Amino acid sequence: MKTKQLLLGDEALALGAIHAGLSGAYAYPGTPSTEILEFVQKNPLANERKIHSHWSSNEKTAMEEALGMSFCGKRAMTSMKHVGMNVAADPFVNSAMTGANGGLLVIAADDPSMHSSQNEQDSRFYADFAMIPALEPSTQQEAYDMARYGFELSERLGIPVLTRLVTRLSHSRAVVETETDALPENDLHYPANPKQWVLMPAMSKVRNRALIADQLRFAKASDESPFNLYHEAHDHRLGVIVNGIAYNYLMECFGGECPFPVVKISQYPLPYKHLRRLYDSCDALIVIEEGQPFIEQKLLGLDNSGKKIMGKLSGHVQRDGELNPDLVSEALAKAVPDVKSVLDTDRHEASETVAPRPPMLCQGCGHRDVYGALNDALALYESPKVFGDIGCYTLGFLKPFNAIDTCVDMGASITMAKGAADAGQHPSVAIIGDSTFTHSGMTGLLDAINEDSDMLVIISDNLTTGMTGGQDSQGTGKIEDICLGLGADPAHVRTIDSLPKNHDAMMALFKEEIDHHGLSVVVSRRECIQTARRHAAGKK
């Protein structure tokens with residue numbers, strides 16, 4: 001039986017995975033991917049089946065845990081935002097060498113326009129680099145359907161499958177037709193050739209040749225995919241190639257009927273059978289893709305007769321930020337000027353009356369008190385430098401605090417502060433949150449401990465992963481023990497409550513540890529005001 005539900009793209013993919021016999025979901029929270037694991041955690045069927053759905057310490061551990069479940073024959077998925085793919089890159093790329101036993105979906109949620117990210121990287125390049133298939137839904141319905149299809153594809157081809165979402169699809173809702181029953185979970189079973197899971201050179205060389213040979217199978221699967229479509233039309237002056245959500249924007253430009261032939265790409269490697277047909281039948285091509293010019297670059301590398309291929313590299317399509325129907329209309333008009341007469345321009349303009357709401361630290365947030373005391377302490381020194389990290393506390397860069405000098409990636413505060421201290425910088429201060437510390441700060445701290453680097457590390461512990469909505473933090477109740485276990489000097493692992501009344505004490509503590517001229521760690525602790533409110537409401 002079928003039913004209909006109103007779902008976010010993230011939720012549709014998660015529900016599709018549950019209905020497809022999912023046994024384990026692994027993730028580290030990061031917008032716009034967070035709701036995937038949260039949906040699994042709250043879903044009644046997932047709870048009834050006891051599907052594993054705890055947060056992992058970081059994306060690398062999540063990828064490896066999902067790979068371990070796949071080794072045992074179960075269907076698993078791991079989800080992360082696009083920059084999380086950088087953290088998971090080592091096991092992800094090597095998973096192409098091991099292959100998959102149980103179906104394995106690796107879900108990357110990209111963030112064009114950088115709504116909450118450091119960059120606009122495109123995860124399709126990771127799939128291409130690792131030589132594995134990739135899926136890219138254009139609608140919430142496809143996100144749901146692709147979960148089952150992706151697991152089946154993964155098991156049929158014996159390879160993990162990357163599934164790429166984008167912010168606009170992840171965080172918008174649509175009616176999705178879903179199953180009412182779920183497939184049973186796979187039985188425990190092991191790889192037919194377990195040697196390929198031991199990536200020593202002798203085995204890897206054999207497996208690498210097999211992976212290269214498998215590219216023909218992957219390409220055939222893409223050519224035959226129900227998600228890659230060729231739409232014929234009457235006007236062959238232009239052939240249009242679109243990926244994922246860009247297909248929706250194209251159709252909206254014409255009220256659902258594009259006058260030009262269209263190839264919709266939602267599975268990779270590229271479906272060259274469709275692309276060759278389009279190329280041979282049209283005078284010129286335009287590639288309209290959400291993300292970087294991945295498809296366009298591939299097409300420009302083909303042996304062709306010199307037909308014009310337009311897109312982001314040619315300047316016909318805006319290269320940065322998200323696409324939308326207006327930008328797609330502009331690109332089409334550049335390629336074929338008289339297309340303006342058939343474009344559907346009856347769309348709502350963006351409101352100009354909405355007041356801007358810049359991000360800011362919540363009133364009552366403990367990070368505020370840390371920055372206030374830190375700024376006052378550092379005012380006593382010449383040229384202090386504070387190395388920041390990824391989390392709510394990154395907002396300390398903004399007014400009124402203007403408190404941090406750098407923010408690069410998860411965990412970089414400690415390692416950059418160490419490098420600065422090595423260069424002779426003093427004071428050199430790192431500030432990092434509790435969840436980010438356990439994500440990727442611990443190894444950097446070990447480096448600093450081993451050299452007793454002249455630096456101060458402030459771990460601003462709000463007892464949660466606050467930036468993404470209050471998920472569990474892996475280090476809650478363990479931060480000081482972790483630091484001591486890594487070998488930090490107990491005399492210089494200090495703890496203080498980050499409360500307004502402790503301003504002077506925090507300021508004095510920071511100054512004391514800066515003047516220590518060795519490694520110091522200060523754990524400033526105060527529960528996130530948002531999670532505290534939820535906890536209080538839950539007790540009523």
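These figures come from a predicted structure and were not determined experimentally.
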Ring centres under 6.0 angstrom apart (His19, Tyr144): yes
Whether His52 and Tyr26 hold their rings parallel, tilted or perpendicular, with breakpoints at 30° and 60°: parallel
Heavy-atom check, side chain of Gln474 versus side chain of Ser435, under 4.5 Å: no
Min side-chain heavy-atom separation Asn243-Tyr268 under 4.5 Å: yes
Side-chain heavy atoms of Gln140 within contact of Leu7, under 4.5 Å: no
Validation row: Arg75, Glu155 side chains within 4.5 angstrom (heavy atoms): yes
Leu37 and Trp55, any side-chain heavy atoms less than 4.5 Å apart: yes
Salt bridge (Lys or Arg N to Asp or Glu O under 4.0 Å) contacts touching residues 158-167 (sequence neighbours left out): Asp110-Arg164, Asp122-Arg164, Glu136-Arg164
Side-chain heavy-atom pair Ile159, Phe218 within 4.5 angstrom cut-off: yes
Salt-bridge contact Glu296-Arg319 (side-chain N to carboxylate O under 4.0 Å): no
Side chains of Pro137 and Leu169 in contact at under 4.5 Å (non-hydrogen atoms): yes
Side-chain heavy atoms of Tyr272 within contact of Lys298, under 4.5 Å: yes
Test: Glu290 and Arg168 ion pair at under 4.0 Å: no
Aromatic plane relationship, His274 with Tyr230 - under 30° parallel, 30 to 60° tilted, over 60° perpendicular: tilted
Worked check of salt bridge (Lys or Arg N to Asp or Glu O under 4.0 Å) between Lys334 and Glu330: CA-CA 6 Å; Lys334 288 179 185 177; Glu330 291 173 12; 5.6 Å; no
